Amino acid sequence: MSDSPRYRFAPSPTGMFHVGGARTALFNWALARSNGGTFVLRIEDTDEVRNKPEWTQGIIDSLAWIGITADDPHFEGPLFQSNFAAGHLAAAERLLGSGHAYYCDMTTEQIQERAAAEGVTGYGGWSRDRGLGPAVGNVLRFRVPPGVTVVHDEVRGDVEFDNEAIEDFVLVRGNGHPVFNLANVVDDIEMRITNVVRAEEHLPNTPKQQMIWEALGATPPAWAHVPVLVNEQRKKLSKRRDKVALDSYRDDGILADAMVNYLMTLGWTMPGAEAAGTEIFPWSDIESAFRLSDVNLSPAFFDIKKLTAFNGEYIRRMTVDDLAEACGPWLPDEWGPEPFRSMVPFVQERLKTLADAPGTVDFMYADEPVIDQQSWDTTMSTEYARSLLADAVEAYAALPEGDWTHTILKATLEDVMTTYELKLGKAQAPVRVAVTGRTVGPPLFEALEVMGSDESIRRMRAALARLGV
RNA sequence: GGCCCGUUCGUCUAGAGGCCUAGGACACCACCCUCUCAAGGUGGCGGCACGGGUUCGAAUCCCGUACGGGCUGCCA
């Protein structure tokens with residue numbers, strides 16, 4: 001039991017779940033599940049978080065959307081940092097008692113003045129041997145030992161840090177509150193975390209955390225720092241400048257499976273993808289194939305175009321029923337299920353996102369098609385447009401009741417167009433624009449069949465009237 | 001300033017010294033198919049940051065340079 005790996009995932013609880021965080025979560029999740037371990041969701045418990053329970057719920061919901069569900073036996077949490085607040089201070093006491101920490105009364109300003117006066121940068125450990133005791137305003141600092149700290153990283157190998165370059169950092173503030181690095185490590189120890197997989201921006205702080213682990217007599221976890229996600233400027237994806245909210249992609253009609261699959265291609269490649277000629281794989285395969293040692297080292301650009309392409313492929317793989325169901329939230333409330341449902345087979349391969357769905361059939365729901373002027377002008381200005389449309393209406397109106405099917409509709413128009421010596425590509429255009437208002441859209445004859453003869457013929461006649469026929 | 005990390009087509013990547021005339025995916029372009037648009041098929045464009053080593057041989061190992069990013073708080 002005790003030696004099953006425990007992977008900790010600690011997103012920053014800012015009320016918005018980041019796509020980069022989603023990818024890190026997925027890495028942890030794949031590892032936890034395929035190694036028989038546990039995915040531990042830990043949320044920092046600040047005053048702000050405590051006052052906004054919806055933030056925590058938002059994280060849980062976002063994780064659930066990408067398949068990381070709280071009812072899975074590999075999932076544990078959410079656990080909150082504050083449960084261990086007393087433990088944080090107790091750990092600080094132990095560090096003080098063992099000589100790994102000492103008190104310091106210097107303010108930030110004093111440190112800067114002193115550094116400037118001596119022509120150096122940083123703190124310099126000036127209170128190390130002053131033997132100060134606890135007092136209001138005094139901070140507790142970690143006594144960084146001489147030597148070298150080696151971080152064994154499962155992605156990047158051994159990374160060495162010269163301890164000379166690491167300042168005696170603060171563990172407990174002057175107001176008695178523990179600092180992130182301390183709280184984080186104590187929580188990790190308390191929660192028996194064995195593996196830390198996180199973004200590479202945390203790598204420079206890792207030696208400090210590792211020193212705390214060791215000073216506390218604990219065995220540090222297996223570290224892994226994965227590359228960050230960047231924007232087109234090669235800067236770390238930021239909430240301010242970039243579209244990073246996972247929810248925003250869901251709202252744009254991206255499928256969770258497509259998002260998950262795409263995210264996993266950033267920094268990692270499914271073995272066999274090259275031979276398969278595709279990067280689309282089911283999560284179950286990805287989960288069992290994922291290895292940290294295969295993750296690459298450089299930052300990746302989050303490419304919405306590629307995400308969208310993946311999404312189109314996932315949409316095409318859905319069943320018609322599932323797709324119709326999935327599109328529901330994007331259809332206007334006043335629309336009934338038909339004729340959309342009947343059109344799904346014809347629009348499926350045209351959708352890149354679920355949000356595209358209404359735009360493919362909106363002409364059917366409108367009382368009159370919205371005429372795109374440019375489509376109308378270019379299509380109806382031909383010599384043959386009027387008379388061909390008139391002939392088509394006549395032929396369609398003459399069709400017996402049961403003959404309003406796409407095959408007969410197509411054959412009928414082909415019959416009409418022979419007198420004009422046109423190909424179907426040209427001949428269908430006036431009919432299409434008359435009925436849909438546009439030159440592009442789902443297959444015409446199928447659409448006519450779904451709309452029915454009365455409405456189709458009415459629209460064509462309305463177009464003729466508009467043409468002055 | 002100091003420290004750390006990184007650098008293969010536009011983008012994501014494969015590549016562990018000869019299999020590389022550097023492969024795949026997305027994007028883009030052309031053609032085919034085709035009732036429009038798509039989807040699908042075929043083909044094309046396009047890259048090892050630079051300079052030195054090591055080696056019979058380097059995208060791959062070493063050193064340096066350049067460029068990019070990150071960290072360096074009594075933030076998390």
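As the structure is a computational prediction, the values presented were derived from the model and not from experiment. So you know, we letter chains A, B, ... as the sequences are listed, proteins then strands, and number each from 1.
- By the side chain to side chain contact (heavy atoms under 4.5 Å, CB included) test, Pro271(A) is found to be paired with Trp268(A), Ala289(A), residues two or more places apart in sequence or in another chain being considered.
- Taking 4.0 Å as the cut-off between side-chain N and carboxylate O, Lys52(A) and Glu48(A) do not count as a salt-bridged pair.
- The aromatic rings of Phe142(A) and His100(A) sit parallel, their planes meeting at an angle under 30°, below the 60° perpendicular limit.
- Nearest nucleotide to the side chain of Ala309(A), out of A14(B), A27(B), C5(B): A27(B).
- Judged as a ring-ring contact (aromatic ring centres under 6.0 Å, His included), and not counting sequence neighbours, Phe281(A) has no contacts.
- Taking the six-membered ring where the residue is Trp, the centroids of Phe302(A) and Tyr249(A) are separated by under 6.0 Å.
- C20(B) and A38(B) have their C1' atoms separated by 37 Å, with the value rounded to a whole Å.
- Straight-line distance between the C1' atoms of G10(B) and C29(B): roughly 14 Å, to the nearest whole Å.
- A gap of 25 Å separates the C1' atoms of C12(B) and C4(B), to the nearest Å.
- By the 4.0 Å N-to-carboxylate-O rule, Arg42(A) lies close enough to Asp188(A) to be salt-bridged with it.
- Comparing the P positions of A16(B) and C74(B) gives a spacing of 46 Å, expressed to the nearest Å.
- Remark: side-chain polar atoms of Asn231(A) are paired, donor with acceptor, to backbone N or O of Lys235(A) under 3.5 angstrom.
- Using Watson-Crick or G-U wobble geometry with both donor-acceptor distances under 3.5 Å, G68(B) finds its partner in C5(B).
- Closest heavy-atom contact between Arg156(A) and His225(A): NH1-O, 2.7 Å.
- Comparing the same atom, C1', in G68(B) and in C62(B) gives a spacing of 23 Å after rounding to whole Å.
- Residue Ala429(A) is out of contact with every strand shown, counting any heavy-atom pair closer than 4.0 Å.
- Qualifying side chain to side chain contact (heavy atoms under 4.5 Å, CB included) partners for Arg350(A), counting only residues two or more places apart in sequence or in other chains: Pro443(A).
- Within the shown strands, G10(B) is the pairing partner of C26(B) under the Watson-Crick or G-U definition, both distances less than 3.5 Å.
- In this structure, Arg156(A) reaches the sugar-phosphate backbone alone: every heavy-atom distance under 4.0 Å involves primed, P, OP1 or OP2 atoms, never a base.
- Look at the P atom in both G44(B) and G64(B): the space between them is 42 Å, to the nearest Å.
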Legend entry - Sugar-phosphate or base contact per nucleotide [nucleotides 70-76 of chain B; S, B, -; heavy atom under 4.0 Å]: BSS-BSB
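- Backbone-only engagement by Phe161(A) is indicated by non-hydrogen atom pairs under 4.0 Å involving sugar-phosphate atoms exclusively.
- At a threshold of 4.0 angstrom between heavy atoms, the contacts of Asp162(A) with the nucleic acid are absent.
- Legend: residues meeting side chain to side chain contact (heavy atoms under 4.5 Å, CB included) with Gln110(A), ordered by chain and number and at least two apart, are Met106(A), Thr107(A).
- Of the C1' atoms belonging to U65(B) and A25(B), the separation is 34 Å, rounded to the nearest Å.
- Between G23(B) and G47(B), the distance separating the two P atoms is 12 Å to the nearest Å.
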Legend entry - Under 4.0 Å protein heavy-atom contact, by nucleotide of nucleotides 31-42 of chain B - B base, S sugar-phosphate only: ----BBBBSS--
